[in-house]
Number of protein chains: 2
Amino acid sequence: MSQKVFVSAQEVAQKAGVSRSAVSRTFTAGASVSPKTRQKVMEAAEALGYHVNHLARGLMLNESGIVCLIVSDMGTPYRSELLRALTQQLQNSGKIAMLINTDRSDGSVDLALKQAIHYRADASIILSGLPDKSITDLCLKNGQRLVLINRDDDRKGAFRINLDDEEAAACIATAFHRAGCRKLAFVNSQAGTPSLMARERGFVNAANALGLDVAVVHNGPTGYQSGRAMAQQLLTRPDRPDAVFCATDLLACGFMDAARHQFSVTIPDELCVAGFDDIEQASWSSYELTTFSQPVDEIARQAVGWLEADMLSSNQITSVRLHADLVWRNSIRGK
Amino acid sequence: MSQKVFVSAQEVAQKAGVSRSAVSRTFTAGASVSPKTRQKVMEAAEALGYHVNHLARGLMLNESGIVCLIVSDMGTPYRSELLRALTQQLQNSGKIAMLINTDRSDGSVDLALKQAIHYRADASIILSGLPDKSITDLCLKNGQRLVLINRDDDRKGAFRINLDDEEAAACIATAFHRAGCRKLAFVNSQAGTPSLMARERGFVNAANALGLDVAVVHNGPTGYQSGRAMAQQLLTRPDRPDAVFCATDLLACGFMDAARHQFSVTIPDELCVAGFDDIEQASWSSYELTTFSQPVDEIARQAVGWLEADMLSSNQITSVRLHADLVWRNSIRGK
DNA sequence: TTGTATGCGTTATCAA
DNA sequence: TTGATAACGCATACAA
């Protein structure tokens, strides 16, 4: 009984006593319809519960209005915030988001992109992982636009949005130095993504330039537990660090919790800590973490802005570099 | 140049030297194709980079494979976790998630459901808000299936997934009582959603049955800051509560932080606290919050399980009630 | 098993 | 401004 029986433009046309082209025109912006027919159509549509079939429209226009969001770890604070900003912006510009969850397994992102092709998405925005070149080429060949966020890879034809990770990281090194810290450490996961590695590079280089050594540790996935584990690793050493830069806030939260509750270290008096992302928890009074804010709304704006832009004029610009603001709180001495 | 030019089944057929129905059959499960033609088709498809157009297929089959996820506050820990579980389950069963972000504005959910109709989604899963009856009726009439999570409304024809909020809340009241607490409080937002109100009701009733009064406060949205604000409200009173049940973990985190850092209250010695949702932060050692876990994976399993079920047999079952497990940590004395 | 023909709900083109 | 007609890419009933 309640099998899918959507009402079609044909039926609306019949009820309104017009041709189905008239119905179509009524629902396409900027088409010429007389006010009288428009009203007749609208009334009939309303009565019948008619809604344009975007699947069929996409078939005709060669433009589905669908944008694929490809992401892993979407339950994570930073990722979910970015997702929120993106879907919001997409909706604002009349597009709709398709969400594809990837895991760390090989080819997971490639599979996701194939789904994007299946549904003839106008574009794909990749927040995690890096697809194989063959598949991105396929996307581009098919006219699907590609946005890479914090992927820092030189995929030809794709639009890349990155942060000034290295510069930001360098800035923290000097802040630690100014606070009188001399035994620095960098806490990173084993993910090895471009942006995480850039932060590591920037921090280590800047510290070295200041004549300071950095103990670098890598452990597990990019999460709270890994941060705890690395605190254990670093704080049981004879030469404890007096300043730690964590590659993300989640790592930093774990590190701080272990430092305080397991090693009774006071922050920032005995230990300075900094993070990256400015997730909500960083501002909670249990952490008051000094960190760098990812401009998620600006990232989203840039991404869908590029999608809206004309292919021809946008051919020029292929990447943008956004600034991560330092959010000074209370996990580093001085200021 | 790189306008959208996807390769069609027609072209594959040509290259493979077969009819285009042969191509179609090759890509539809359970169609009869000889191994020889199948291989010819596959090779041609591979060479040309052919991918079935799900838009067109959806048009034919009257089944798009699209499921709409309608949600607000998706940056929030509990919501993003639920979203993760749902998209994962959907992918596992060969469907794809469309994400629609709603805000608190009136008709926001209705608009989202209209989008779902536009794209001929097979189903919509509503995590936030409650749409107008007229629009849900429209969805159902069109054969679109509807799942309501924690909405506790008796929409005819929709599948409802709820928790035993009241029973859980009651359980906390007795735990407080057993811990020797006598001045109870309930901390809630002003959202007034069914599940939040059920927790309030269950807690107050159970407390009353134990001969205890409950100070109930409502403040702002369901977030960290509101929790802080209500701590200020309750802890400046002359008759401070010695036990607080917060309607969600986010509220609880805010409450605990303010209690500790602003009022120097020790938890659980001077004040017992409980929450609801078991977000990741609840397990962090800054909180060690005793709370109820939302079985997000089970919720997701139930939701897409119902979507996969046969219309006829599933007609019977219209709702399911899941149990929220108590996760005992360290914010309530004793045990 | 294979190919032919038809229809799904649109929009664009064109003639009126 | 309007209506008829031709695509769009696909799946299927039917005949071979």
| message | Can you see if the side chain of A:S34 gets near the phosphate of D:dT2 - specifically, an N or O under 4.0 Å from OP1 or OP2? | response | yes
| Within 45° of the ring axis of A:F6 and under 6.0 Å from its six-membered ring centre, is that where the NZ or CZ of B:R120 lies? | yes
| task | Mind grabbing the angle between the end helix axes of the helix from C:dT1-D:dA16 to C:dA16-D:dT1? Five pairs an end, 10° rounding. | result | 40°
| task | Among residues two or more places apart or on two chains, list those pairs meeting side chain to side chain donor-acceptor pair (under 3.5 Å) that have a residue in residues 36-45 of chain B. | result | B:S34-B:T37, B:Q39-B:E43
| remark: Residues passing the side-chain contact (heavy atoms from CB on, under 4.5 Å) test with B:D132, sequence neighbours excluded, are B:D110, B:S134, B:I135
| Distance-only, no hydrogens or angles: does the B:R151 side chain make a donor-acceptor pair with backbone N or O of B:S195 under 3.5 Å? | no
| message | Salt bridge or not between B:D73 and B:R104? Use side-chain N to carboxylate O under 4.0 Å. | response | yes
| remark: Counted 5' to 3', the first and last nucleotides of DNA chain C within 4.0 Å (strictly under) of a heavy-atom of chain A are C:dG9 to C:dA12
| message | Tell me whether B:S64 contacts the main-chain N or O of B:I66 through its side chain, where contact means a donor paired with an acceptor under 3.5 Å. | response | yes
| query | Any donor and acceptor pair, going by atom type alone, linking the side chain of A:E298 with main-chain N or O of A:P295 inside 3.5 Å? | reply | no
| Which heavy atom in A:S128 sits nearest to a heavy atom in A:S72, and how many Å separate them? | OG-N, 2.9 Å
| query | Nearest heavy-atom pair of B:I126 and B:L113: which atoms, and what distance? | reply | CD1-CD1, 4.2 Å
| task | Sugar-phosphate atoms are those with a prime plus P, OP1 and OP2; base atoms are the rest. Using that split, label each nucleotide of nucleotides 9-16 of chain D B, S or - for protein heavy atoms under 4.0 Å, 5' to 3'. | result | BBBBB---
| Thinking salt bridges, do B:K133 and B:D137 make one under a 4.0 Å N-O criterion? | yes
| How are the rings of B:H118 and A:H51 set relative to one another: parallel (under 30°), tilted (30 to 60°) or perpendicular (over 60°)? | perpendicular
| Residues from residues 12-19 of chain B sitting under 4.0 Å of DNA chain C, heavy atoms only? | B:V18, B:S19
| Any sub-3.5 Å donor-acceptor pair from B:Q91's side-chain atoms to A:N101's backbone N or O? | yes
